[in-house]
Amino acid sequence: MLTRGANMWRARKVSGLRSWLTSGPEYPRVVPPTGSALGWATGLAVGCLASAIYWRLHDEQFSSENGEHEDIPLLEQFGLPDAGLHIRRYSGHAVSFNQARRTPRWVAEHITSSSITGPANRKNMKFKADPSIQPLFSAFNEDYLGSGWSRGHMAPAANYKNSQDAMRETFFLSNIVPQNNENNSGFWNRLEIYCRSLCSRFDDVWIISGPLNLPWKIDGKDCVHHYMIGKSDVAVPTHLFKVVLTGRSGGGSLCLGAFLVPNAPIGYQQKLADFQVSLSELEYKTGISFFPKLQRGSWQDLCSVDGCHLMNFHEMECYIAGKKLAATRSVSELDSIMQRLVEKGVEPHNGLLTKYKTRKEELVQRIQK
DNA sequence: CGGACTTCTTCA
DNA sequence: TGAAGAAGTCCG
């Protein structure tokens, strides 16, 4: 299968190259030696199948581009460099991908109470390389596994409960950055939950998320550098940012908050407001204009209007326990979840107790049948 | 909710 | 027989 994939890749690559070569006029061109192309392809063993898919998807582009030959300036005779800066649109989110870092540059979302509600779930969801990204510039699961860094969603899966397809697309590695595990399941998770909670108080919520590397001091001088993981050299960010914009369908002023969060464990003693920055500061540091059609200063501060309160320890423990209860399939398992909660010193609130009782009844009934 | 890791099953 | 998918287990 692997060999077939490599051959397919080579066939597509060479065929695309050939049509491109024959289209041009008078200049001699260098043809890459077949051997080296093959060696390269086999070297990228994990990516070869994805390569085949990629080139198949893009074959039409190749063939359409070599038809008409108009007056092309000599400057552009061989095309201008392509850094992959175009915006990639998916069912529920949009991505600007950074081909040098193998991570998104930013990921944009618009969520509502209906988009975050539904039957879609993470069952059998698997992270995978984005088939629309050229393998040379793509991240792969192998880069993350055993790296010490978890695969952190930028557009969270849970924002797409209304569509299994939209949720599946959030598992493309074009939506993923290397994230500290504790941060991912902890503070960042609570921030994502807070963003979803905004849907109950606002009609529309727009969210832009992405990675950022802030400078470190080296010999007293500011220096930006980053770790790289895996064979694809996936860049590890020092920080993650999130810009949140809320609106009401009836009109009224918009609310905006921008946050810059270290890619490291963050405890419950820290508040979300501790990581709030001005939009212009974040734009300065990222080089990104986040809502270019939004009039500057036309919004209210989100944290002043809505509080920006993340779940505290007790609330979060109960929330997670509630999710685990729903997935439980035996009464003993059910009880152990509740017992571990008490061992942590967490007194279950009434809502959780209700969930426990109803789930227990369901399971007992199922056993009796 | 957010993950990692292991094992079993399916299929070409 | 190996790869991919499904399912199970563990953790915060």
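What you see is a predicted model, and the numbers here were worked out from it, not measured in a lab. Quick note on labels: first sequence line is chain A, next is B, and so on, each numbered from 1.
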Practice task
Output, in order, the C-alpha distance, side-chain angles, deciding distance and verdict of side-chain contact (heavy atoms from CB on, under 4.5 Å) for Arg88(A) and Ser132(A).
Solution key: CA-CA 9 Å; Arg88(A) 299 165 185 273; Ser132(A) 77; 3.1 Å; yes

Problem - Cluster companions of Val236(A) among Ile, Leu, Val, Met, Phe, Trp, Tyr (side-chain spacing under 4.5 Å) - result: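 Other cluster members: Met125(A), Phe127(A), Tyr144(A), Trp149(A), Tyr160(A), Met167(A), Phe171(A), Leu173(A), Ile176(A), Trp216(A), Tyr227(A), Ile229(A), Val234(A).
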
Handout entry: Which nucleotide in dA4(B), dG5(C), dA6(C) has an atom nearest any side-chain atom of Lys126(A)
Key =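 The answer is dG5(C), which lies nearest to the side chain.
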
Practice task
Go through dG3(B), dC5(B), dC1(B) for me and flag the one nearest to the Leu145(A) side chain.
Solution key: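 Selected nucleotide: dC5(B).
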
Completion exercise
Contacts of Met316(A) and Arg329(A) projected onto DNA chain C by closest heavy atom; the upstream (5') one is Arg329(A)

Fill in the blank from the handout: When Ser185(A) and Glu333(A) are each assigned the nearest nucleotide of DNA chain C, the 5'-most assignment goes to Glu333(A)

Practice task
Flag the pair Leu302(A) / Leu198(A) as yes when at least one side-chain heavy-atom distance between them is below 4.5 Å, and no otherwise.
Solution key: yes

How many whole angstroms separate atom [atom1] of [X] from atom [atom2] of [N]?
| X | N | atom1 | atom2 | value |
| --- | --- | --- | --- | --- |
| Met125(A) | dA7(C) | CE | P | 13 Å |
| Ile337(A) | dG12(C) | CD1 | P | 14 Å |
| Glu192(A) | dC1(B) | CD | P | 11 Å |
| Glu142(A) | dC5(B) | CD | C1' | 15 Å |
| Arg340(A) | dC10(C) | CZ | P | 8 Å |
| Ile193(A) | dG12(C) | CD1 | C1' | 12 Å |
| Lys324(A) | dG12(C) | NZ | P | 8 Å |
| Gln179(A) | dA4(B) | CD | P | 10 Å |

Handout entry: side-chain N/O Arg196(A) vs dC1(B) OP1/OP2, d < 4.0 Å
Key = no

Handout entry: Contact under 4.0 Å: Arg190(A) side-chain N or O vs dG12(C) OP1/OP2
Key =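 Indeed not, no polar side-chain atom of Arg190(A) lies that close.
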
Exercise for the section: Would you mind classifying the nucleic acid contact of Asn184(A) as base, sugar-phosphate or nothing, using non-hydrogen atoms under 4.0 angstrom? Expected result: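 Sugar-phosphate: the residue Asn184(A), judged by heavy atoms under 4.0 Å, touches backbone atoms but no base.
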
Completion exercise
Within residues 149-174 of chain A, the residues having a heavy atom closer than 4.0 Å to DNA chain B are Ser150(A), Arg151(A), Gly152(A), His153(A), Pro156(A), Ala157(A), Ala158(A), Lys161(A)

Handout entry: Passing option when Phe313(A) is tested against Phe187(A), Tyr319(A), Tyr268(A) for ring pair (Phe, Tyr, Trp, His ring centres under 6.0 Å)
Key =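 Considering Phe187(A), Tyr319(A), Tyr268(A), a ring pair (Phe, Tyr, Trp, His ring centres under 6.0 Å) with Phe313(A) is found only for Tyr268(A).
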
Handout entry: Test ring pair (Phe, Tyr, Trp, His ring centres under 6.0 Å) applied to Phe241(A) and Tyr284(A), Phe290(A), Phe275(A), Phe259(A), the passing residue
Key =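 Of Tyr284(A), Phe290(A), Phe275(A), Phe259(A), ring pair (Phe, Tyr, Trp, His ring centres under 6.0 Å) with Phe241(A) is met by Phe290(A) alone.
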
Problem - Pair Thr238(A)-Asn263(A), side-chain donor/acceptor within less than 3.5 Å - result: no

Handout entry: Distance-only polar pair, side chains of Asp301(A) and Gln276(A), donor-acceptor under 3.5 Å
Key =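 Side chains of Asp301(A) and Gln276(A): pair found under 3.5 Å.
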
